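The structure under discussion appears below in the form of structure tokens.
Only heavy atoms go into these numbers, but all of them, side chains included; no hydrogens, no water, no symmetry mates. Here the structure is a predicted model, which means the values were calculated and not measured.
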Amino acid sequence: MGYGPPNTVAAMRRIKAEGGWGVVNTEYCSIHPSADDAPYAFCTLWDEDDVACQALMTEGVHEFGALAGVELWHGGSHSPNRLTRMTPLSVSGESLHLTAPIQARAMDKSDSRDLRRWQVDAAKRAKRAGFDLVYVYAGHAYLPFQFLSHRHNQRSDEYGGSLENRARLLREMLEETKEAVGDTMAVAIRLAVDELMGDHGITADGEGREVVEMLAELPDLWDVNVSDVDQDSKSARFSDEGFQEPYTAFVKSLTSKPVVGVGRYTSPDRMAGLVRRGALDLIGAARPSIADQFLPRKVEEGRVQEIRECIGCNICRSGNNEGAPIRCTQNPTMGEEWRRGWHPEVITARGSDAHVLVIGGGPAGLECARAAGQRGYRVTLAEASTALGGRINREATLPGLATWTRVRDWRIGRLHDLANVEIYLDSLLGPDDVAELEADHVICATGANWRRDGVGTATHFGVAGLGDAHVLTPDDILIDGAEPTGQVVIYDDDHYFMAGALAERFAAAGHTVTYVTPAALASSWTEMTNEQHFIQARLIEAGVAIVANRSLAAATGDHVRLGCIFTGREIEQACDTLVLVTSRRSRDTLYQALAASGTKGLQRIGDCEVPGAIVHAVHAGHRAARELDAVIDPDMPFRRDRVTA
């Protein structure tokens, strides 16, 4: 959320404290305008206005007895300074890590003194804002870490050469920060102890360990992880729970100070086990605390079955990478605490004795029925198939996506706790059935189907020749069990997970697979979820041929024609089975019939209204339930949060 909406971010973190988290940290917080990460949503402690904004957070966190921490940050060559237009800085002078037509200037000794002063000044501001912990941030290959790394640090002065010299700046920042804040704040260090690049980077059994040995007793808290952000924030598709433990477990043996570690820990049993066997003192949990802000309280109260366990989809990361407020697939209230007044555990009681009919048991319908039932409405949930879950049941069968079933399972579990909700499976409703039920609110959540005509972002009028080709859609494969034959071409004009996951599945089954996309990269939108690099690497390793920057021009019985998106020049590609992953069409026939008949209290949600990701469907279902019998301004359904001078 960054520095822009102070009430929004303060309310979100206040609720985390209410939920029982012991320490609630900011995101990375810039110490100076020369560390500007726009358009990404970083926060700042540049001046007294920032102090006032951050105080909103600390006051809310302290209200529930939690500690407030601030991750003071300078990005160095990770900061192109698009907003401030200040000169980018780096340890030795190098290209920026983000593509930009400007490099970073090598820091001289006066710059090093300035950096330490900026850190101290920001720490003092943090103290005035009411923080309890202040960080020296040497994670994720940011500036203090760049001084440590022999890949970045080519200096020949006292800050370069030996590891002791390369660690000098980090030691000075720790010592001077501690002196500045006194004994009323803890000074923590975040250190990436392994870059997962072998001898080319810092390793846990090499210089990462040596840095911890050098500084073992200096900070008040060690917060350890791996680098860089993509590695640290791996999705469940590419990492198991606790995947960082083999790299960070050594730290406890080298220091008497408490150690916190991360690794997308989602299971309370796993968290407690780490502490019991002495691997960590504290569990760092960003994504699990996003999925369920009340996870610690539920553990404390013996309600572990009620925890909304993180699915590791990294939609939360997409918010940051798109420069938008955070959101969560599992927790639709995330980011809505202040602007819509949504609490993750508390919901307004029903506004009437109305009967609510929800048609469709996919992610939108499940969340709508659950939230409406929690409000106290009499709810009927009708699902046409023999199982609840909708698209989740299909998509979770793809490689690496099994954790997505948690979206379905948590909601089914909560529905079974509600005596006022009736669930009917194998119930395909028509207009007459709906009329017979005499519901006061009828909510259509009937989903969407993948298109067979090739229409997508690059192809607006369909594709010639599809009637003569062997064409499959994801629905044919995941619902009907169809399998490709011969040479398989997957055409991806959707750009999220589906086409890449199908390509991986078919390659593993022994098919010859060519992946075609009008984008420059495979599954290009997954750059937003920090997965793209891993997807492309896995496809290459699986032997999938990737043909980028090509649209699907035409198809025949044994080949397809692919047009260059820049020149239009066409090439031919052998193809026995063409798998179209382009766009989806809402399955809204029932909704349209009900609308034509004047059905009262009618609305459509989720994919039935507009196809999107599961996160959109869950949010739509929750919003529909929250707004039943409420007076909502359709033109401005939420409060705007603005910083004013």
Side-chain angles (χ1 to χ4, degrees), residues 16 19-25 65-67 69 71 133 135 138-140 186-196 202-227 231-312 402-403 406:
K16 284 193 180 188
W21 296 95
V23 179
V24 182
N25 275 340
L67 302 177
E71 297 182 340
L133 290 84
Y135 269 71
H140 295 160
V187 176
I189 182 173
R190 187 161 221 210
L191 178 68
V193 297
D194 204 303
E195 294 185 88
L196 305 186
I202 285 177
T203 62
D205 58 359
E207 291 188 336
R209 183 184 185 93
E210 292 174 38
V211 172
V212 176
E213 290 173 332
M214 286 180 187
L215 306 176
E217 299 303 307
L218 186 54
D220 299 307
L221 172 74
W222 283 92
D223 185 340
V224 289
N225 69 339
V226 299
S227 189
Q231 297 285 0
D232 184 41
S233 299
K234 275 186 179 178
S235 69
R237 186 173 174 184
F238 297 100
S239 66
D240 294 326
E241 179 182 5
F243 68 96
Q244 297 196 30
E245 185 181 345
Y247 304 99
T248 61
F250 74 91
V251 177
K252 275 278 296 165
S253 67
L254 300 181
T255 178
S256 66
K257 302 300 176 69
V259 178
V260 59
V262 296
R264 209 186 68 257
Y265 293 113
T266 65
S267 162
D269 290 334
R270 182 70 177 269
M271 296 179 190
L274 286 160
V275 176
R276 287 195 189 103
R277 57 187 170 82
L280 294 171
D281 297 297
L282 300 160
I283 305 300
R287 286 173 286 182
S289 73
I290 294 165
D292 197 328
Q293 291 143 307
F294 273 65
L295 184 152
R297 190 75 68 212
K298 291 174 181 177
V299 172
E300 186 177 46
E301 295 174 358
R303 298 186 290 126
V304 293
Q305 75 280 0
E306 296 181 24
I307 292 172
R308 279 188 305 273
E309 198 168 350
C310 171
I311 70 172
T403 57
R406 294 171 183 172

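In this structure a side-chain-to-backbone donor-acceptor pair under 3.5 Å is present from Arg287 to Ser233. Judged by distance alone, the side chain of Arg308 and the main-chain N or O of Ala291 form a donor-acceptor pair under 3.5 Å. One N or O on the side chain of Asp220 and one on the backbone of Val187 form a donor-acceptor pair closer than 3.5 Å. Under a 3.5 Å cut-off, the side chain of Glu300 and the backbone N or O of Gly20 do not form any donor-acceptor pair. No side-chain donor-acceptor contact under 3.5 Å links Asp194 to the backbone of Thr203. At distances below 3.5 Å, not a single donor-acceptor pair connects side-chain atoms of Ser227 with backbone N or O atoms of Glu195. Side-chain atoms of Lys298 come within 3.5 Å of backbone N or O of Glu306 as a donor-acceptor pair. With Ser289 contributing its side chain and Ala286 its backbone, the two residues share a donor-acceptor pair below 3.5 Å.
Ile189 is not listed as a side-chain neighbour of Asp223, based on a closest heavy-atom distance of 4.5 Å or more. Side-chain contact between Val224 and Val259: present, with at least one pair of heavy atoms (C-beta onward) separated by less than 4.5 Å. Within the 4.5 Å cutoff, the side chain of Leu215 has heavy atoms near those of the Trp222 side chain. You'll find the side chain of Val275 reaches within 4.5 Å of the side chain of Ile283, heavy atoms only. No side-chain heavy atom of Lys257 sits less than 4.5 Å from a side-chain heavy atom of Pro219. A heavy-atom distance below 4.5 Å is found between the side chains of Leu295 and Met271.
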Practice item. Would you check, one step at a time, whether the test side-chain contact (heavy atoms from CB on, under 4.5 Å) holds for Lys16 with Ile290? Key: CA-CA 8 Å; Lys16 284 193 180 188; Ile290 294 165; 4.1 Å; yes
Practice item. Tell me, with the steps shown, if Thr255 and Glu217 meet side-chain contact (heavy atoms from CB on, under 4.5 Å). Key: CA-CA 6 Å; Thr255 178; Glu217 299 303 307; 3.4 Å; yes
Review point. When you look at Leu67 and Val24, which way does the side-chain contact (heavy atoms from CB on, under 4.5 Å) test go after all the steps?
Key: CA-CA 6 Å; Leu67 302 177; Val24 182; over 6 Å; no
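Of all non-hydrogen atoms in Pro258 and Asp281, the two that sit nearest each other are CA-OD2, 3.2 Å. In plain terms, the two heavy atoms of Val212 and Leu191 that are nearest each other are CG2-CD2, 3.9 Å. Taking all atoms of both residues into account, the shortest heavy-atom contact from Pro288 to Tyr265 is CG-O, 2.7 Å. Across Asn25 and Gly69, no two heavy atoms sit closer than the pair OD1-CA, 2.9 Å. The two residues Pro268 and Ile307 come nearest to each other via the heavy atoms CG-CD1, 3.5 Å. The minimum heavy-atom distance between Trp21 and Phe294, with the atom names listed, is NE1-N, 4.5 Å.
Within a 6.0 Å sphere centred on OH of Tyr247, heavy atoms belonging to other residues, nucleotides or ligands number 12 at most.
Residues passing the side chain to side chain contact (heavy atoms under 4.5 Å, CB included) test with Asn225, sequence neighbours excluded: His140, Arg190, Ala192, Asp232, Gln244, Val262. Annotation: side chain to side chain contact (heavy atoms under 4.5 Å, CB included) contacts of Arg277 (sequence neighbours excluded): Glu245, Leu274, Ala279. Applying the side chain to side chain contact (heavy atoms under 4.5 Å, CB included) criterion to Glu309, with sequence neighbours excluded, gives Thr266, Ser267, Arg406.
None of Arg264, Lys234, Gln231 except one satisfies the side-chain hydrogen bond (donor to acceptor under 3.5 Å, both in side chains) rule with Ser239; the exception is Arg264.
The distance from atom CG of Asp240 to atom OG1 of Thr403, rounded to the nearest 0.5 Å, is 10.5 Å.
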